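Only a predicted model underlies this, so the values are computations on that prediction, with no experimental measurement involved.
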Amino acid sequence: MSITIRAATFADRDAIVALHKAAAVTPGALARAPEEVTPAYAEAAIGSDICLVAIDADGLVCGEIHAKRETVALFAHVLGSLTVAVHPERQGRGIGSRLFEALIAWAKAQEPPILRIELAAGAGNPGAIRLYERLGFRHEGRQVARGRLPDGRFEDDILMGMLLS
């Protein structure tokens, strides 16, 4: 499958909304429910420090990743608030890995340097956790009952981090 990774633009807004809505249909796949994915949400993602999209051979946005650098001086070496989404019909094809590889390469090229990337993954999403582990993220903690799923069950968040130095 031919995939191109590039920086997102505001012209990608509606495609990012559609992608996130499709991914959010599966409970626990994304933190947001489909009705919480709005044009304003996509615009904020595009306005993040880094926002990349994966484009398939047909020109469809099939993946997206965005993150923000921390603004407090003590944490300015940290890239966090990370969200990644891959269209459910395209999962398992390496798109998430490619997005992360591009994000990590971007982070390593920043001045002043980004030395740490952090994320939280729902404990009920073992596929995502395995991907993050393969990429080099390490388990750093657990937030008990951090999320509440639509059916009322609670889900822990697994805190993960990667040092780039």
Side-chain angles (χ1 to χ4, degrees), residues 3-10 12-13 15-17 19-20 22-24 26 28-32 36-37 40-56 61-88 90-147 155-165:
I3 296 292
T4 302
I5 307 291
R6 65 165 172 76
T9 69
F10 285 101
D12 297 314
R13 182 193 73 182
I16 291 171
V17 169
L19 166 68
H20 280 253
T26 303
L30 294 180
R32 285 175 173 70
E36 295 175 301
V37 179
Y41 166 75
E43 289 169 7
I46 295 165
S48 296
D49 291 312
I50 179 72
C51 183
L52 302 170
V53 289
I55 310 295
D56 70 12
V61 173
C62 57
E64 184 270 340
I65 192 169
H66 63 273
K68 289 183 174 248
R69 185 181 206 133
E70 297 291 335
T71 58
V72 175
L74 181 66
F75 307 115
H77 64 286
V78 177
L79 188 66
S81 300
L82 190 148
T83 298
V84 61
V86 174
H87 195 284
R90 301 292 202 300
Q91 291 178 2
R93 299 181 187 182
I95 296 167
S97 294
R98 297 265 317 272
L99 285 164
F100 267 100
E101 289 163 3
L103 177 110
I104 291 165
W106 174 88
K108 287 180 175 180
Q110 295 308 293
E111 282 298 328
I114 291 173
L115 303 173
R116 173 182 167 78
I117 301 173
E118 57 189 28
L119 57 83
N125 194 346
I129 293 168
R130 281 191 304 275
L131 168 64
Y132 306 148
E133 289 170 338
R134 269 196 323 271
L135 292 166
F137 285 87
R138 301 288 175 246
H139 290 247
E140 296 183 342
R142 184 179 201 104
Q143 292 177 305
V144 177
R146 175 83 164 109
E155 180 177 65
D156 297 353
D157 259 354
I158 307 300
L159 304 177
M160 301 182 82
M162 171 190 283
L163 296 178
L164 298 179
S165 58

> Which pair of non-hydrogen atoms, one from Ala102 and one from Leu52, has the smallest distance, and what is that distance?
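The pair with the smallest heavy-atom distance is CB-CD1, 3.6 Å.
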
> What's the separation between atom CD1 in Ile114 and atom NZ in Lys108, rounded to the nearest 0.5 Å?
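Taking CD1 in Ile114 and NZ in Lys108, the distance rounds to 12.0 Å.
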
> May I ask you to test the Leu82-Tyr132 pair for a side-chain heavy-atom distance under 4.5 Å?
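The answer is no; the side chains never approach within 4.5 Å.
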
> Parallel, tilted or perpendicular: which fits the ring planes of Phe137 and Phe100, with parallel below 30° and perpendicular above 60°?
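Perpendicular, since the angle between the ring planes exceeds 60°.
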
> Can you tell me how far the CD1 atom of Ile5 sits from the CD1 atom of Ile65, to the nearest 0.5 Å?
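CD1 of Ile65 is found 9.0 Å from CD1 of Ile5.
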
> What's the spacing between Ile55 CD1 and Glu64 CD if we round to 0.5 Å?
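Going from the CD1 atom of Ile55 to the CD atom of Glu64 covers 10.5 Å.
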
> Quick one: CD1 on Ile3 to CZ on Arg90, what's the gap to the nearest 0.5 Å?
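The CD1 atom of Ile3 sits 7.0 Å away from the CZ atom of Arg90.
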
> How far apart are the closest heavy atoms of Pro88 and Ala22, and which atoms are they?
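So the two residues come closest at CG-O, 3.4 Å.
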
> Looking at Glu155 and Gly124, would you say the former's side chain and the latter's main chain have a donor-acceptor pair under 3.5 Å?
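A pair under 3.5 Å: yes.
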
> Could you report the tightest heavy-atom contact between Leu164 and Ala107, atom names first, then the distance?
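So the two residues come closest at CD1-CB, 3.8 Å.
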
> For the pair His20 and Ile16, evaluate side chain to side chain contact (heavy atoms under 4.5 Å, CB included) and give the outcome as yes or no after the intermediate values.
CA-CA 6 Å; His20 280 253; Ile16 291 171; 3.6 Å; yes

> Take atom CZ of Arg146 as the centre, draw a 6.0 Å sphere, and report whether it contains more than 12 heavy atoms from other residues, nucleotides or ligands.
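Check fails, neighbour count at 12 or below.
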
> Kindly determine whether Val86 and Arg93 satisfy side chain to side chain contact (heavy atoms under 4.5 Å, CB included), including the steps that lead there.
CA-CA 10 Å; Val86 174; Arg93 299 181 187 182; over 6 Å; no

> Please round to the nearest 0.5 Å and tell me the distance separating atom CD of Glu133 and atom CZ of Arg138.
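Those atoms lie 8.0 Å apart.
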
> Can you see which heavy atom on Ala29 is nearest to which on Ala23, and at what distance?
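Distance-wise, the nearest heavy atoms are CB-O, 3.4 Å.
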
> Ignoring hydrogens and angles, tell me if any N or O in the side chain of Asp49 forms a donor-acceptor pair with the backbone of Arg69 under 3.5 Å.
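Yes; at least one donor-acceptor contact below 3.5 Å.
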
> Measuring from Glu118:CD to Met160:CE, what's the distance to the nearest 0.5 Å?
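Answer for the CD-CE pair, Glu118 versus Met160, is 12.5 Å.
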
> Are any of the side-chain heavy atoms of Leu103 and Leu79 separated by less than 4.5 Å?
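SC-SC contact between Leu103 and Leu79 confirmed.
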
> Verify, without hydrogens or angle tests, whether Glu43 (side chain) and Arg13 (backbone) share a donor-acceptor contact under 3.5 angstrom.
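The answer is no, because no donor-acceptor pair under 3.5 Å joins these two groups.
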
> Strictly below 4.0 Å, N to O, side chains only: are Asp12 and Arg6 in salt-bridge contact?
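The answer is yes: the pair qualifies as a salt bridge.
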
> In the structure I gave you, are the side-chain heavy atoms of Met162 and Ile104 within less than 4.5 Å of one another anywhere?
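Heavy-atom side-chain distance check passes, below 4.5 Å.
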
> State, to 0.1 Å, how close Ala15 and Val61 come at their nearest heavy-atom pair, and which atoms those are.
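Heavy atoms only, the tightest pair is CB-CG2, 3.6 Å.
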
